[in-house]
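Heads up: the structure comes next, in structure tokens.
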Amino acid sequence: MLHDIFTRLFAHFAPQRWWPGETPFEVMVGAILTQNTNWQNVERAIAQLKSTVAFTPHAIFALPPAMLAAAIRPAGYFNIKTGRLRNFLTYFVERYNGNVETMRQQPIAQLRTELLGVRGIGPETADSILLYALDKPVFVVDTYTQRVLSRHYLVPEETTYDDVQSIFMDSLAHDVRHFNEYHALLVAVGKTFCRRTNPQCEQCPLKGVNW
DNA sequence: CACCAGGCAAGTA
DNA sequence: TACTTGCATGGT
């Protein structure tokens, strides 16, 4: 059934080509900045940050917090996100010397535990980093995923993050490219047809699914 | 004007 | 444990 949903979405939408970002480290930063925030605003923030300092873990951490906050201001919650970014950078630099390839070599379960231990990184941000920055076969769940599934009565609305994730990871092959495209397509269908205000259910490519 | 966007943590009872 | 609230910009 999850395979059928993917087939419908893939037939309807063009490839999403997630995650936007020139480097894995940039994807990590974007994952934190995009929390409850429109991606367009994240792009502004990243652009401003790039024009402020060299886009490396050490350089960004060396930036005075007030300047970091000013740079990422367009992404919203800039004081909160400044702290969260610095928490992550502390972890990334202290444990991996800011080296993506070194981090990538660790086991998935260990990395997920480490990331969840950083204050400001919850399950979605952790999994986004694992999948989109480190190429780990982890399925990313977000509010659109939950909403699309529950609107089609595939899961109860109150299903937890980990349970939704298990539904996907227990029935699909653990393929990075597939998980990448699938999550992005769920966001696409959620945005386009499954909005709270002004839903467009009649034209949704998932119309009628209720296995 | 209201509402939303690729969440998370802290506070309250 | 189970809710609720704060965080904040920019687009529609």
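Letters A, B, ... mirror the listed sequences (proteins, then strands); counts begin at 1.
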* Asked: Under 30°, 30 to 60°, or over 60°: which ring-plane class applies to A/Tyr132 and A/His183, parallel, tilted or perpendicular?
  -> tilted
Atom NZ of A/Lys191 and atom C1' of B/dA5 are separated, to the nearest Å, by 8 Å
Can you tell me how far P in B/dG11 sits from the matching atom in C/dA8, rounded to whole Å?
15 Å
Out of B/dC8, B/dC4, B/dG7, minimum distance to the side chain of A/Thr143 belongs to B/dG7
To the nearest angstrom, the CG-C1' distance between A/Asn79 and B/dC8 comes to 15 Å
| task | Measure from the side-chain N and O atoms of A/Thr52 to the backbone N and O of A/Gln48, and report whether any donor-acceptor pair falls under 3.5 Å. | result | yes
Separation of B/dC8 atom C1' from A/Tyr77 atom OH, nearest Å, is 10 Å
A/Asn38 atom CG is separated from B/dA5 atom P, nearest whole Å, by 9 Å
Check your understanding: Is there a donor-acceptor contact under 3.5 Å from the side chain of A/Thr192 to the main chain of A/Val189?
Key -> no
Nt span of DNA chain C in reach of chain A heavy atoms at under 4.0 Å, 5' end first, is C/dC7 to C/dG11
Between B/dA5 and C/dC3, how far apart are the two C1' atoms, rounded to whole Å? 23 Å
Rounded to whole Å, the CG-C1' distance (A/Asp142 to B/dC8) equals 14 Å
Review point. Is A/Ile121 touching bases, backbone alone, or none of the nucleic acid, heavy atoms closer than 4.0 Å?
Key: sugar-phosphate
With distance as the sole test, does A/Lys136 use its side chain to make a donor-acceptor pair with the main-chain N or O of A/Arg104 at under 3.5 Å? yes
**OP:** Respond yes when some side-chain nitrogen or oxygen of A/Tyr144 is under 4.0 Å from OP1 or OP2 of B/dA5, and no when none is.
**Re:** yes
Between A/Ala31 and A/Leu116, whichever has its closest DNA chain B nucleotide further toward 5' is A/Ala31
Checking A/Thr159 against A/Gln146: is there a side-chain donor and acceptor pair closer than 3.5 Å? no
note: A/Gln146, atom CD; B/dG7, atom P; distance rounded to Å ~ 11 Å
Exercise. With heavy atoms under 4.0 Å as the rule, sort A/Arg84 into base, sugar-phosphate or nothing.
Key: base
Of B/dC3, B/dA5, B/dC8, the nucleotide closest to the side chain of A/Glu124 is B/dC8
Of A/Ile80 and A/Arg44, the one whose closest nucleotide on DNA chain C sits nearer the 5' end is A/Ile80
May I ask you to check whether over 12 heavy atoms, not counting those of A/Gln110, lie within 6.0 Å of atom CD?
-> yes
A/Asn198 atom CG is separated from B/dC4 atom P, nearest whole Å, by 12 Å
Here the distance between atom C1' of B/dC4 and atom CH2 of A/Trp39, to the nearest Å, is 18 Å
Exactly one candidate in A/Phe168, A/Phe13, A/Phe10, A/Trp18 meets ring-ring contact (aromatic ring centres under 6.0 Å, His included) with A/Tyr182; the answer is A/Phe168
